[in-house]
There are 2 protein chains.
Amino acid sequence: MRMIQRPAACCATPSEPPPLPDSETLVARFKALGDATRLEVFRLIAAQEAPLCACDIVDRFDVSQPTISHHLRVLRQAGLITATKRGVWMYYAVVPRGVAALGQFLAGSVQESAAAAD
Amino acid sequence: MRMIQRPAACCATPSEPPPLPDSETLVARFKALGDATRLEVFRLIAAQEAPLCACDIVDRFDVSQPTISHHLRVLRQAGLITATKRGVWMYYAVVPRGVAALGQFLAGSVQESAAAAD
DNA sequence: CGAACATATTGACAATCATCTATCTCTTGT
DNA sequence: ACAAGAGATAGATGATTGTCAATATGTTCG
């Protein structure tokens with residue numbers, strides 16, 4: 001038997017979050033950006049006006065080439081960057097749609113809570 | 001001696017990403033949202049029009065109460081939610097400023113790459 | 001073909017992390 | 001004061017992950 005009564009806000013059924021089309025993808029993208037090295041790699045790619053060669057990325061970091069390759073794969077599998085092969089070189093560029101999806105999710109999150117904040 | 005010549009795009013010095021005020025905070029926030037359970041907790045809080053009682057969160061998930069408490073702490077330390085104590089209950093709400101910071105970073109990332117696209 | 005190079009893959013290892021059980025702290029109602 | 005409930009903390013454990021060295025794959029040049 002519950003001795004302490006819950007306040008009204010506790011008992012009222014909380015609002016359901018809006019249905020999320022692809023939660024798994026969202027998690028993968030946030031996780032992909034949730035690593036210091038990987039975020040820097042992403043930032044470097046995003047800062048370019050043209051697809052960036054992998055060699056240029058490796059040159060700029062202290063970690064090994066396989067590690068950079070691994071990070072690039074994670075970012076690519078998350079749908080945040082694309083990889084294009086030209087000859088021996090791989091060129092990476094941001095996928096605007098993938099990044100925008102994250103932004104839209106965040107925008108929706110603040111919008112919902114904005115109704116409450118005075 | 002380098003036998004294969006790098007294409008122009010490789011040799012041209014890549015653009016520097018814009019200076020990032022607080023990279024560590026950004027990583028912590030992305031990492032906080034990069035877990036399935038935690039993202040759902042965040043979504044539930046964001047869906048409310050008023051701060052949500054922790055008990056209502058615990059009720060909605062299959063994981064234990066300490067696990068929820070852990071996730072709430074991670075989200076709070078990342079600056080994505082705030083915690084307010086009222087009596088015995090803890091109420092959690094989204095920090096719009098914290099979420100917006102993520103959105104602005106993403107918006108900047110797509111904007112930079114947009115100049116190159118098409 | 002064969003050498004050189006760019007990138008990816010594999011396997012291993014240490015570190016981080018999500019989760020649990022048990023316990024603790026604090027607040028409230030009697 | 002005391003019992004009960006809400007939530008946080010501590011410690012342990014299995015899983016995930018970031019990193020590296022070594023190797024593989026594929027491409028270009030001579």
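Chain identifiers are assigned alphabetically (A, B, ...) following the order of the sequence lines, protein sequences preceding nucleic acid strands; residue numbering begins at 1 within each chain.
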Nucleotide by nucleotide, nucleotides 12-22 of chain D touches protein heavy atoms under 4.0 Å in the pattern (B base, S sugar-phosphate only, - none) -----SSBBBB
When rounded to whole Å, the CG to P distance for the pair A:L72 and C:dT7 reads 10 Å
Terminal axes of the helix from C:dC1-D:dG30 to C:dT30-D:dA1 (5 end pairs apiece), angle rounded to 10 degrees, sit apart by 30°
**Item:** Side-chain N,O (B:R73) to OP1/OP2 (D:dT9) below 4.0 Å
**Value:** yes
| said: Do B:I45 and B:F61 land in one hydrophobic cluster if side-chain heavy atoms of ILVMFWY residues count as linked below 4.5 Å? | reply: yes
When rounded to whole Å, the CE to C1' distance for the pair B:M90 and C:dT27 reads 13 Å
Whole-Å distance, B:E40 CD to C:dA18 P, equals 15 Å
Contacts satisfying salt bridge (Lys or Arg N to Asp or Glu O under 4.0 Å) that involve residues 24-46 of chain B (not counting sequence neighbours) are B:E40-B:R43
message: With a 4.5 Å cut-off on side-chain heavy atoms, are A:L44 and A:D56 touching?
response: no
- request: May I ask you to test the A:L52-A:Y91 pair for a side-chain heavy-atom distance under 4.5 Å?
  value: no
**Q.** Close side-chain approach of A:F30 to A:L106, heavy-atom, < 4.5 Å
**A.** yes
At less than 4.0 Å, is any side-chain N or O atom of B:Y91 found next to OP1 or OP2 of D:dA6? Yes or no.
no
B:K85 atom NZ is separated from D:dG5 atom P, nearest whole Å, by 17 Å
Note to self: Taking the side chain as everything from C-beta on, heavy atoms only, tell me whether B:Q48 gets closer than 4.5 Å to B:Y92.
What the structure shows: no
query: Quick one: is C:dA8 close enough that its OP1 or OP2 comes under 4.0 Å of any side-chain N or O from A:Y92?
result: yes
Scanning both residues in full, the closest heavy-atom pair of B:A32 with B:L80 reads CB-CD1, 4.0 Å
Just wondering, do A:L33 and B:L102 contact through their side chains at under 4.5 Å, heavy atoms? no
